[in-house]
K.L.:
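Structure incoming, see below.
When a ligand or atom number is given, it counts from 1 through the structure's own listing order.
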Amino acid sequence: MTIDHTHDPALRSWVTSAEADGTDFPIQNLPFGAFRRRGSGEALRIGVAIGDQVLDLRLALERGDWSPQVRAQLAPLAVGDLNAFMALGAAARISVRVALSAALSEGSAQEGVLRGCLVPQADAEMALPCRVGDYTDFYAGIHHATAVGKLFRPDQPLLPNYKWVPIGYHGRASSLVVSGTDLRRPLGQLPPGPDGVPGYGPSRRLDYELEVGALVGPGNALGEPIPMDRAEDHLFGLVLLNDWSARDVQAWEYQPLGPFLSKSFGSTLSPWVVTLEALAPFRVPFARPDGDPPPLPYLDSPLNRAQGGIDIRLQVLLQTAAMRAQGLAPVALSRSNFRDAYWTPAQLLAHHASNGCNLRPGDLLGSGTQSGPEAGQGGSLLELSQGGQQPLALPNGETRTFLEDGDRVLLRARCELDGARPIGFGECVGTVLAAPNP
Ligand code: MN
């Protein structure tokens, strides 16, 4: 991970909103997203978030002054095909980052032309950033795995495999939706009561999961594992992921093959993909607590030990329908940090491909719920309410054990370390609608 002039905290943009305190999208970030002008019906194109604006890369390619190499690299972005750009790998990503950074910097000769290529984010309709062919959800949050395990197995919260093998299951890509999409409460089979007969109806224990999603860049051929020391060459960037979960359905269906309909009714992605390059200043060593087993050699590398972790401050907020009606802002439910994950994105990717499974550009790897080590830092209501035993008190007097209809869940993430300009991920938002009739 090289730090270069595009990360210089003193670098400023002529887009004035990119200089506002607290913006997620200063010129040091430059995340990619798919959008069209709201209501225009125009073809999707890829844009780059800068302050409260989007730089339309279709217009920027038409009107801007770029080298032949950068023109070729921008071409798939102009037609909305982030997957094709993802397949090009780090060299193209860095080349485009350097060109956009220069073009958007104060004093750029391109300012006059590119001003006309900006769209306010408020006027942009976002779509999923890429085609996600496959979605795998891991379980790399050890504090979540421990807290949830304790609810079921107080004596042995973590199963014996946890510290050796990254646990995961195959998720459903077709029901991934972009932030802002409402989500219907799922119907499902509910655990049996005393009569031994399961019910069927709306989930009564609907939950969220605070996760980080890693999107794959260049893929690998079927049968060809990806070694750890090249794993990050196959990563494109990160998004926020809400892996909505129906806990009652999950508890009944998950044995012996794992989660199924309790997860596949919908998962929400944030629209902006923060690239590995933007995250370079926030890399941290990956280390295990004393006494924990070191990763097996195929999940270990000097680079991963030195800087496999990423310091990302994560937050979940909730706004109920009553809070919206009362004009109350969303309230923070918990905070955690992605650096506490038990496995790094590189390890998840190397493990995924270790059996020869082919990954493809745009594939999504979910991190698993990211909870902090302390009580009150749970990344799901299952943890925060102790399995529904301990209702959470909200500031307006409402309480929650699980989500109710009208609840809006917001995930946010920021990277803030000394010596770097802070960057953020934007929001990952979804509102729960009533279930269909059973
Ligand atoms: Mn999950």
K.L.:
Relative to the Mn ion (ligand 1), which of the N, O or S atoms in E211 is the closest?
P.N.:
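Distance check against the Mn ion (ligand 1) picks out OE2 in E211.
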
K.L.:
What I want to find out is whether E253 reaches K263 closely enough, with some N-O distance under 4.0 Å, to be called a salt bridge.
P.N.:
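No salt bridge links E253 with K263.
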
K.L.:
By atom name, which N, O or S atom belonging to E209 lies closest to the Mn ion (ligand 1)?
P.N.:
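That would be atom OE1.
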
K.L.:
Between the Mn ion (ligand 1) and D137, which N, O or S atom of the residue is the nearest one?
P.N.:
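Atom name returned: OD2.
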
K.L.:
Of all N/O/S atoms in D243, which lies nearest to the Mn ion (ligand 1)?
P.N.:
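Going through the N, O and S atoms of D243 one by one, OD2 ends up nearest to the Mn ion (ligand 1).
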
K.L.:
For the pair Y342 and Y162, name the ring-plane relationship: parallel under 30°, tilted 30 to 60°, perpendicular over 60°.
P.N.:
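The rings of Y342 and Y162 sit tilted, inter-plane angle from 30° to 60°.
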
K.L.:
Could you check whether R37 pairs with D123 (Lys NZ or Arg NE/NH1/NH2 to Asp/Glu carboxylate O, under 4.0 Å)?
P.N.:
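Salt bridge: no.
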
K.L.:
Is there a donor-acceptor pair closer than 3.5 Å between any side-chain N or O of R288 and the backbone N or O of D292?
P.N.:
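Looks like no, no N/O pair under 3.5 Å.
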
